[in-house]
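The structure under discussion appears below in the form of structure tokens.
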Amino acid sequence: MSYEVDLAVRVEDVLDDLPAEGRREVIETIAAALVRPELWPAPGGWDGTLTFGPRAWVAFTSFLGGIQVYDAGWTG
């Protein structure tokens, strides 16, 4: 099954400001969250969750068929 990712404008801005290594790690962290729908919060509510990479994190909520990433960061 394929899933969709929607990035909030803030996340797009964060990705633009990161060096290539940070951008790659944030994208990998988003991908890791995307392929684990059993960890997503219930779609359609106000609940969100965090997932972490080695030095990156993403905050997201879910909708039917995908996730919306509303915040992200990299500590590199």
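The shown structure was predicted, so the numbers you read here are calculated from the model rather than taken from an experiment.
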Evaluate Glu38 against Arg36 for salt bridge (charged side-chain N to carboxylate O under 4.0 Å, His left out), listing each step before the verdict.
CA-CA 5 Å; Glu38 70 276 7; Arg36 307 238 7 234; 3.0 Å; yes
Report the C-alpha separation of Val5 and Val69 in whole Å, then their side-chain angles, then the decisive distance to 0.1 Å, and conclude whether the side-chain contact (heavy atoms from CB on, under 4.5 Å) test is met.
CA-CA 7 Å; Val5 175; Val69 179; 4.2 Å; yes
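Here the closest non-hydrogen pair linking Phe52 and Thr29 is C-CG2, 3.9 Å. Contact between Val26 and Leu15 at its shortest, heavy atoms only, is CG1-CD2, 3.6 Å. For Trp74 against Pro19, the heavy-atom pair with the smallest separation is CZ3-CG, 3.5 Å. Ala32 and Val35 make their closest contact through O-CG2, 3.5 Å (heavy atoms, listed as atom of the first residue, atom of the second, distance). The heavy-atom pair separating Tyr70 from Thr61 by the smallest distance is CE2-N, 3.8 Å.
Interatomic distance, CG of Leu18 versus CD1 of Ile27, reported as 9.5 Å (0.5 Å rounding). Once rounded to the nearest 0.5 Å, the distance linking CD1 of Ile67 with CG of Leu7 reads 8.5 Å. For the atom pair CZ (Phe60) and CD (Gln68), the distance works out to 12.0 Å, reported to the nearest 0.5 Å. Atom CD in Glu28 sits 12.5 Å away from atom CZ in Arg23 (nearest 0.5 Å).
A donor-acceptor pair under 3.5 Å is formed between the side chain of Ser62 and the backbone N or O of Pro41. With hydrogens and angles disregarded, no donor-acceptor distance shorter than 3.5 Å links the side chain of Thr51 to the backbone of Val58. Although no hydrogens or angles enter the test, the distance criterion places a donor-acceptor pair under 3.5 Å between the side chain of Glu25 and the main chain of Arg55.
Counting heavy atoms from C-beta outward, Asp71 and Trp57 have side chains that approach closer than 4.5 Å.
Aromatic pair Tyr3/Trp40: centroids less than 6.0 angstrom apart.
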